Amino acid sequence: MATTAQTPLSGLAHHLVNHDVLNEQQALEAQTQADKEKIPFISYAVKNELIDSLATAESAANEFGVPLFNLDAMDMDRTAVELVAESLIRKHHTLPLYKRANRLFVAVSDPTNLQALDEIKFHTGLNTEQILVDETKLAEAINQFVESQNSAMADLDSDDLDGLDDLEVTGGEEESTDTNEDSDIDDTPIVRFVNKILLDAIKKGVSDIHMEPYEKTYRVRYRLDGVLQEVASPPNNLANKIASRIKVMSRLDISERRVPQDGRMKMHLSKNRAIDFRVSTCPTLFGEKIVMRILDPTSASLGIEVLGYEADQQQLFLDAIHKPYGMVLVTGPTGSGKTVSLYTALSILNTADRNISTAEDPVEINLPGINQVNVNPRVGLTFSSALKAFLRQDPDIIMVGEIRDMETGEIGIKAAQTGHMVLSTLHTNDAPQTLTRLINMGIAPFNIASAVSLIIAQRLARRLCEQCKAPVNIPTDALLREGFKEEQIEGIQIFSATGCDDCSKGYKGRVGIYQVMPISEAMGKLIMEGGNALQLAALAKKEGISDLRQSGLLKVKSGLTSLEEINRVITG
């Protein structure tokens, strides 16, 4: 029976009436009830046995020229499903099956539902193509997907996460530019999961947390004692929710996923203790990677005694920072503990009779009593401009996060020459190379020789666990090849890592390895004569300054770390 021109029926309902599968009244009632239940017309009609699911699919395929596929015979790509929000899948009763290049193939039981394809295309940025399937099998597949989602959320909402949604977390100074509500980020299981990851990291003494989305997996890794290790693998369809939660906590823009963002947040563990997190997001191929650096203020107040300096090295360090003027440089790769060394020096010098100012990018640890400036090149607040401002504010001690260019280096040198103590860092492999690096920046050798008083090169090595470290026998000739001197080998006992419940693969904590090189008169003369790094290193050795390798071997001899660990962190 054909419909009249005034009928409100359209799409698949109109087709079924035209082919006498339903009469007009049945179709109108079914469409009205489907709208009330907020489900597609075909879902209502099949559920109430008004039509046969397979026969309808075959008829629609012929009518609209769309091929009909057997959903049971198709391998569904889970990563394709996770490209589309669960709310869209439920709303339009569709299911993404697989992705090829920039095309997303979507299973539908109603080929007239073009709005679904348009919305999915808008949200994914992919061209969408429909695949017609049997409504009954599509409903079963969608239910399986929803159940897997609920199961994943239930895993995050397990008993061991109870109470984690009550932690107080505050964001950084920058307000988020996004003002829209997003219920996903307030899901209690997500909140608890993120809080558990943060708390566990703090308890274990982790330095960085990595949250990484991949095509078919999602992993969370901790950097513990300088080594990354995987600790969790939540379902990768939760990647966007986890990222959004962290961005809200850090007051970042949750609507912006195309460019990197930087933020901060503070977790209040008690009235007297709070931990800062420096948050960095970066868009990757399959979502946003998030790295959080844990900034524990207590690390700056540990005291120089626990950092790992030998007695003579510690005395050289203390003598240098207590001079009324001069420059002390700390050098090493990222993650070698330079910041902790500088903050330890500042904590020692932080007294009421000194004016201390720092320029950092970013400020990592808040130290009361010290004037800390967060440089911001975008608004013109650079290291050099901050240094110029410090020199007009009657400083005693200045700390520059890093000397990156000639202008900053020259201002720091000038400050050190005019009655100020200047502390800073560079990225070089050892102490002698630091001097040649400054010369290569364009700083005059005579200024370097007169201003720099001490250079510290450092690394961090994992400390052997006292509970499970085991002695190991190494032949004498092998020890000599490693760099030990003959007089050091007699009676030596070397230990290796084994592993127990109290440690991480045989290691627990870290210890510093240092080359502490004061600039002597002979070294200053060599600098002004244009000596290179090799000549400076030879002179340092002649003056009795241990290089990083020798300092590391002393830690091995004393049983603090293993030979394997020294070979890992120190080359040459």
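It should be emphasised that the depicted structure is a prediction, and the values quoted were computed from it without experimental measurement.
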Practice item. Please check if atom CZ in Phe286 has more than 12 non-hydrogen atoms from other residues, nucleotides or ligands closer than 6.0 Å. Key: yes
Listing, residues 528-537 side-chain donor-acceptor contacts under 3.5 Å, not counting sequence neighbours, or none:
{"from": "Asn532", "atom 1": "OD1", "to": "Leu534", "atom 2": "N", "distance (Å)": "3.1"}
{"from": "Asn532", "atom 1": "OD1", "to": "Gln535", "atom 2": "N", "distance (Å)": "2.8"}
{"from": "Gln535", "atom 1": "OE1", "to": "Asn532", "atom 2": "N", "distance (Å)": "2.9"}

Residues that [X] engages under side chain to side chain donor-acceptor pair (under 3.5 Å), provided they are two or more places apart:
| X | result |
| --- | --- |
| Asn366 | none |
| Tyr507 | Ser562 |
| Ser341 | Gln458 |

Review point. Hey, is Glu490 close enough to Lys485 for a salt bridge, meaning N to O under 4.0 Å?
Key: no
Review point. Taking 4.0 angstrom as the limit, do Arg463 and Glu565 come out as a salt bridge?
Key: no
Counterpart residues, side-chain contact (heavy atoms from CB on, under 4.5 Å), relative to [X] (two or more places apart):
| X | value |
| --- | --- |
| Ile370 | Leu346, Asn350, Ile356, Thr358, Leu367, Gln372 |
| Ser546 | Gln550, Ser551 |
| Arg219 | Glu212, Tyr214, Arg221, Glu230 |

Review point. Taking only residues at least two apart or on different chains, which pairs with a member in residues 347-363 satisfy salt bridge (Lys or Arg N to Asp or Glu O under 4.0 Å)?
Key: Asp361-Arg404
Check your understanding: Can you list every salt bridge (Lys or Arg N to Asp or Glu O under 4.0 Å) pair that touches residues 378-388, not counting sequence neighbours?
Key -> Lys388-Glu407
Exercise for review: Decide yes or no on side chain to side chain donor-acceptor pair (under 3.5 Å) for Gln393 and Ser357, but give the supporting numbers first.
Suggested key: CA-CA 9 Å; Gln393 295 208 327; Ser357 296; 5.4 Å; no
Review point. Which residue pairs pass the ring-ring contact (aromatic ring centres under 6.0 Å, His included) test when at least one of the two sits in residues 352-384, sequence neighbours left out?
Key: none
Study note, to complete from the structure: Residues passing the salt bridge (Lys or Arg N to Asp or Glu O under 4.0 Å) test with Arg481, sequence neighbours excluded, are Asp477
Study note, to complete from the structure: Those residues at least two apart in sequence (or on a different chain) that pass ring-ring contact (aromatic ring centres under 6.0 Å, His included) with Tyr514 are Tyr309
